[in-house]
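Down below is the structure, laid out as structure tokens.
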Amino acid sequence: MLYATLIAIFTTLVFSVHSFPSSQTRLNTGTPAKFLHITDIHVDPHYRPHTSPALSCHRRSLNSPNTALTYGTVSTLCDTPFITSNATFDFLRNEVSPVQFVVYTGDSVRHDRDELMERTYAEVEEGNRMVVQWFVDEFVKNGIAVIPTIGNNDVYEHDSLPPGPTPFLNTLFHIWKPFNLNLTSSFLRGGYFRHDLPDSPLTFISMNSMYLYNGNGLVGDCTEGRTIDYFPKCYEMYVDILGHYSGIIIGHFAGHTNGDTLAFVTESSEGYKMFPVVKEKKPAKNSIKNVVLVLNNAPSVIPANNPGLRVYHYATSPHNYGHLLDYVQYYVNMTQANLANNLEYKIEYTASDAYGLKSLGPKEWMNVLREFERDDSEAWKKYCLYQTVSVTDG
Ligand SMILES: *[C@@H]1O[C@H](CO)[C@@H](O)[C@H](O)[C@H]1NC(C)=O
Ligand SMILES: *[C@@H]1O[C@H](CO)[C@@H](O)[C@H](O)[C@H]1NC(C)=O
Ligand SMILES: *[C@@H]1O[C@H](CO)[C@@H](O)[C@H](O)[C@H]1NC(C)=O
């Protein structure tokens, strides 16, 4: 038996094989070896078109433009209208299903940004319950597992989760019941769980990154100090564990940032380090070497950028079981949707076409990284465009 037990990073999920499949292991006949990663739906029942983005797209304003659009308003702090979350689930039903399983890296509920309409405990609870129901109706009822993680806006108050047991984890335990997951007393204590996929050698570790997130004022660092997003000591320990178990981790998926980005875990004589790659800082030549694991941050449904969702393909041969082969990134051109009064998901790119990848292992991604570093790199230009889901400035 092989398995990894890990602690958390932002709305993250790790998966691994818990045993090598026997030659008898078969996928359910007719079901392709693909899975969905979707994140940050942030549905907002109060969203109204022709209101002011400065007022969270909730009300009209006399002092600011009332430019909220029907399907959502890109590059604002507004959340997702129902029409867009509904169209997203229509697309999943009609174009993406069937999949083997679904990874949902959290943030179902709207942000708490409107001072005149502060979220209540009941609203957060109801927001979680509603989105869970959508996943249950579309997937769980068809025998497809959905593996969620806790987003920083799924808790009450936002960003704040004390160490468990705590009433909120208990509430979520009940809200997540219909997923039929392996939620044990560890979930009530820490908001994380391990779930072995039935009839498959895959196992998932759903992490609770709320305890690493330095915006969570109700917990402290694993020792002391602060960085941008994470408590630095917890972060270091987490990267160490990822590096240490990189040999058996098949995938690491995160959301939250709304961006389409990668992070590379490297090994050196100084130990394991993590290098997030963002368009704001092109990696210097050979600055990232000996990659042992690649983390995938998928873009969001919320139209902070264009909405996106992702379908991964993986291998099913016995000794390569579960290894990631490719992904298809779907997106909505929101300018187009709002102009045409019709929301359509289309393929933005596939990893194999965009980057010439034959599979998504660390060695393959490292070759892409070397491409990124070149002057005038076309691959880097694509990466920068895709980071914002093809939203270009201005
Ligand atoms: C979205 O779907 C829900 C049912 O899940 C329905 O009640 C609601 O009217 C729909 N909203 C829009 C804007 O399509
Ligand atoms: C269920 O979770 C417990 C720990 O919380 C773990 O020890 C066990 O292996 C898990 N079982 C399955 C079938 O995922
Ligand atoms: C999105 O649609 C608009 C309006 O049709 C178009 O001008 C723009 O080029 C499109 N963007 C992309 C990335 O295709």
Side-chain angles (χ1 to χ4, degrees), residues 1-8 13-21 25 67 69-75 84 87 100-103 140 143-150 163-165 169-170 172-173 176-177 179-208 211 241 245 248-250 258-260 279 299-300 303-309 322 328-350 353-354 378 381-394:
M1 294 287 272
L2 285 172
Y3 54 86
T5 345
L6 300 172
I7 52 167
L13 201 119
V14 176
F15 86 104
S16 168
V17 281
H18 62 83
S19 61
F20 286 111
T25 304
T67 50
L69 299 167
T70 302
Y71 287 94
T73 317
V74 169
S75 305
T84 294
Q100 279 286 298
F101 55 88
V102 176
V103 165
V140 180
I144 297 167
V146 175
I147 316 288
T149 58
I150 303 174
L169 286 177
N170 193 52
L172 205 57
F173 180 90
W176 284 5
K177 266 266 161 74
F179 284 143
N180 299 321
L181 295 163
N182 180 36
L183 303 186
T184 65
S185 55
S186 342
F187 183 82
L188 293 170
R189 230 177 26 248
Y192 62 89
F193 63 89
R194 168 186 168 172
H195 183 78
D196 296 351
L197 199 63
D199 306 319
S200 154
L202 296 173
T203 194
F204 301 90
I205 315 275
S206 173
M207 326 281 245
N208 172 13
Y211 296 148
I241 293 170
Y245 289 100
I248 60 163
I249 296 172
I250 295 170
N258 310 320
D260 178 344
K279 68 179 179 134
S300 306
N305 297 305
N306 283 317
L309 50 90
V328 183
Q329 180 62 48
Y330 291 95
Y331 87 123
V332 177
N333 179 336
M334 282 298 270
T335 312
Q336 181 63 31
N338 281 311
L339 274 175
N341 213 25
N342 178 37
L343 183 147
E344 254 186 273
Y345 275 92
K346 291 193 178 139
I347 293 178
E348 183 188 25
Y349 71 98
T350 62
D353 284 350
E378 287 303 318
K381 282 184 201 148
K382 288 182 197 169
Y383 186 81
C384 296
L385 177 66
Y386 299 150
Q387 180 173 324
T388 53
V389 202
S390 295
V391 171
T392 46
D393 300 330

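The shown structure was predicted, so the numbers you read here are calculated from the model rather than taken from an experiment. Both ligands and their constituent atoms are indexed starting at 1 by order of listing.
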Which atoms of ligand 2 are found less than 4.0 Å from any heavy atom of [X]?
X      : value
His195 : 14 (O)
Thr184 : 2 (O), 5 (O)
Ser186 : 5 (O)

So Tyr349 and Tyr386, would you call those rings parallel, tilted or perpendicular, with 30° and 60° as cut-offs? parallel
Whether Trp176 and Phe193 hold their rings parallel, tilted or perpendicular, with breakpoints at 30° and 60°: perpendicular
Checking Tyr331 against Asp260: is there a side-chain donor and acceptor pair closer than 3.5 Å? no
Looking only at the side chains, is there a donor atom on one of Thr203 and Asp196 sitting less than 3.5 Å from an acceptor on the other? yes
What about Thr335: any of its N or O atoms under 3.5 Å from an N or O on ligand 3? no
Pick one of side chain, backbone, both or neither for how Arg194 approaches ligand 2, counting any non-hydrogen atom pair under 4.0 Å. both
Considering only heavy atoms from C-beta outward, does the side chain of Gln329 approach that of Pro299 to under 4.5 Å? yes
For atom 13 (C) of ligand 2, what's the nearest protein heavy atom and its distance? Asp196 OD2, 3.5 Å
Counting non-hydrogen protein atoms only, what is the nearest one to atom 2 (O) of ligand 2? Give residue, atom name and distance. Asn182 ND2, 2.3 Å
Check: Tyr192 ring centroid to Tyr211 ring centroid under 6.0 Å: no
Just how far is it from atom CD of Gln336 to atom CG of Asn342, taken to the nearest 0.5 Å? 9.0 Å
Proximal ligand 3 atoms for Tyr331, defined as those under 4.0 Å from one of its heavy atoms: 12 (C), 13 (C), 14 (O)
Determine, counting only non-hydrogen atoms of the protein, whether one lies under 4.0 angstrom from atom 5 (O) of ligand 3. yes
As a check for students: among Asn338, Asn333, Val391, identify the option with a heavy atom nearest to atom 1 (C) of ligand 3. Asn333
